[in-house]
Amino acid sequence: MLPILLTFAIFLPWGLSFPVIPPTLQDDLNFFEDYFHRFFFTTEESQKYSLEDQLRFLQHFFRLEETGWLDEPTKALIRQPRCGVPDIADYSFFPGSPKIERNHVTYSIYNYPVGMKYERVEKIILKAVKIWSNVTPLKFQRVYTERSDIEFAFLRGGHGDGFPFDGKGNTLAHAFAPNPYYQGVVHFDRDEEWSYSHEGINLFLVAVHEIGHALGLGHSQDPNSIMFPTYQYQDPKYFRLGDDDIKGIQTLYYSGNKSQRVS
Ligand code: RRS
Ligand code: CA
Ligand code: ZN
Ligand code: ZN
């Protein structure tokens, strides 16, 4: 919240003994809140997050610099004309629609998060890859070699790929699009409180999202999709991919061969 308060402070007229939000800033804030409720979360859902966090989320979603401020690029974004329907039902791919070109996909696990038994982490990753192999022609194999198609790792802060993690909270994990020249990677922020349950951050749910990226899916604007860019807990026991996820991944992996689709 601090940057917002500082913004108010900068605009405070001299001689006033109580804070007054200038009308233009108040207009922008009202406009932002209205935008956020119309296109992202309900008023009730967004009450869970501070205004700064909501701004950071929006900036993260649209790949703007994550300042947590209602700065000029963010104002310009929300003032852009949009069609009146919420941002839903829309899977995406990375530019050029890269995908893994073989059906046999190997994966390795570089290390494990603090406080979780390695056998359980292995089971969670296996369960997460199965979610995607159930709806594609892909078969995953756990390997213990240095090279694999997808490597999972739990890393902290700056870790050499130009996308430093930010400590507990905010960004939880990232993965890169498939690339024939580089090993696929899924990185989890080691500073998160990874869990099997609703406490902390559920590793299975985040792994399913990141594997989606490693296979070639971008973010979806459908809040029921696991590829939606914010974490939302659901019970892994009853987890199912959203229709949008299945449509997206099958478009990528069954293109030209639609009769083999499974759901
Ligand atoms: C991603 O897309 N990886 O592929 C990242 C995504 C993620 O970490 N999303 C953030 C998130 O949901 N974080 C939860 C805790 C912070 C809540 C505060 C508001 N806020 C992976 C997920 C989908 C598994 C998005 C986000 C939400 C965020 C943020 C980012 C504040 C920066 C700052
Ligand atoms: Ca983090
Ligand atoms: Zn990384
Ligand atoms: Zn993502």
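As the structure lists them, so they are numbered: ligands from 1, and atoms in each ligand from 1.
- In the hydrophobic cluster analysis, where Ile, Leu, Val, Met, Phe, Trp and Tyr join through side-chain heavy atoms closer than 4.5 angstrom, Tyr110 is grouped apart from Phe154.
- The Zn ion (ligand 3) has His159 NE2, Asp161 OD2, His174 NE2, His187 ND1 as its protein N, O or S neighbours under 2.8 Å.
- Scanning all protein heavy atoms for the shortest distance to atom 21 (C) of ligand 1 gives Glu210 OE2, 3.8 Å.
- Heavy atoms of Glu66 found under 4.0 angstrom from ligand 1 belong exclusively to the side chain.
- Ile246 contributes atom CD1, which lies 12.5 Å from atom OH of Tyr91 (distance to the nearest 0.5 angstrom).
- Judged purely by atom type and a 3.5 angstrom limit, His209 uses its side chain to pair as donor or acceptor with the backbone of Ile226.
- Annotation: Leu172 places an N or O atom under 3.5 Å from an N or O atom of ligand 1; distance criterion only.
- In this structure, Gln234 places its CD atom where more than 12 heavy-atom neighbours from other residues, nucleotides or ligands lie under 6.0 Å away.
- Polar contact check, Thr171 against ligand 1: no nitrogen or oxygen pair lies under 3.5 Å apart.
- Shown are the protein N/O/S atoms under 3.0 Å from the Ca ion (ligand 2), given by residue and atom: Asp166 OD1, Gly167 O, Gly169 O, Thr171 O, Asp189 OD2, Glu192 OE2.
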Quiz item: Could you walk me through whether Glu52 and Arg56 pass the salt bridge (Lys or Arg N to Asp or Glu O under 4.0 Å) check?
Solution: CA-CA 6 Å; Glu52 182 185 344; Arg56 281 187 189 279; 3.1 Å; yes
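- The protein atom (non-hydrogen) at minimum distance from atom 6 (C) of ligand 1 is Pro229 O, 3.6 Å.
- Of the protein's non-hydrogen atoms, Thr230 CG2, 3.7 Å is the one closest to atom 27 (C) of ligand 1.
- Annotation: atom 22 (C) of ligand 1 to nearest protein heavy atom, Tyr231 N, 4.1 Å.
- His198 and Tyr233 have perpendicular rings, their planes meeting at more than 60° on a 0 to 90° scale where under 30° would count as parallel.
- Close approach to His213 involves these atoms of ligand 1, each under 4.0 Å from a residue heavy atom: 4 (O).
- The two residues Gly167 and Asp189 make their nearest non-hydrogen contact at O-OD2, 3.1 Å.
- The shortest contact between atom 16 (C) of ligand 1 and any protein heavy atom is with Asn170 N, 3.6 Å.
- Within the cation-pi definition used here (under 6.0 Å to the ring centroid, within 45° of the axis), Lys99 qualifies as a partner of Tyr253.
- Annotation: cation-pi geometry not satisfied between Arg142 and Phe140 (NZ/CZ under 6.0 angstrom from ring centroid, within 45° of ring axis).
- In this structure, Gln232 does not count as a contact residue of ligand 1, since none of its heavy atoms falls inside 4.0 Å of the ligand.
- In the displayed structure, Glu119 atom CD is contacted under 6.0 Å by more than 12 heavy atoms of other residues, nucleotides or ligands.
- In terms of polar-atom proximity, defined here as any N/O pair under 3.5 Å, Arg56 makes no such contact with ligand 1.
- Looking only at heavy atoms of the protein, atom 5 (C) of ligand 1 is closest to Ala173 O, 3.5 Å.
- The distance between the ring centers of His174 and Phe165 falls below 6.0 angstrom.
- Looking only at heavy atoms of the protein, atom 17 (C) of ligand 1 is closest to Tyr49 CE2, 3.7 Å.
- Judged by distance alone, with hydrogens and angles left aside, the side-chain atoms of Ser225 form no donor-acceptor pair with the main-chain N or O of Asp244 at under 3.5 Å.
- For the side-chain hydrogen bond (donor to acceptor under 3.5 Å, both in side chains) with Tyr112, the qualifying choice from Glu122, Arg190, Arg120 is Glu122, the only one to do so.
- Nearest to atom 2 (O) of ligand 1 among the protein's heavy atoms is His219 NE2, 2.8 Å.
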Quiz item: Please walk me through it: do Asp191 and Lys168 pass salt bridge (Lys or Arg N to Asp or Glu O under 4.0 Å)?
Solution: CA-CA 5 Å; Asp191 286 329; Lys168 191 172 177 200; over 6 Å; no
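- When Leu203, Val206, Asn202, Leu205 are each tested for a side chain to side chain contact (heavy atoms under 4.5 Å, CB included) with Ile124, only one passes: Leu203.
- The backbone N or O of Tyr144 sits nowhere less than 3.5 Å from a side-chain atom of Ser108 that would complete a donor-acceptor pair.
- Centroid-to-centroid, the aromatic rings of Phe239 and Phe204 come within less than 6.0 Å.
- For ligand 1, the atoms sitting less than 4.0 Å from at least one non-hydrogen atom of Phe228 are 23 (C), numbered in the order shown with element in parentheses.
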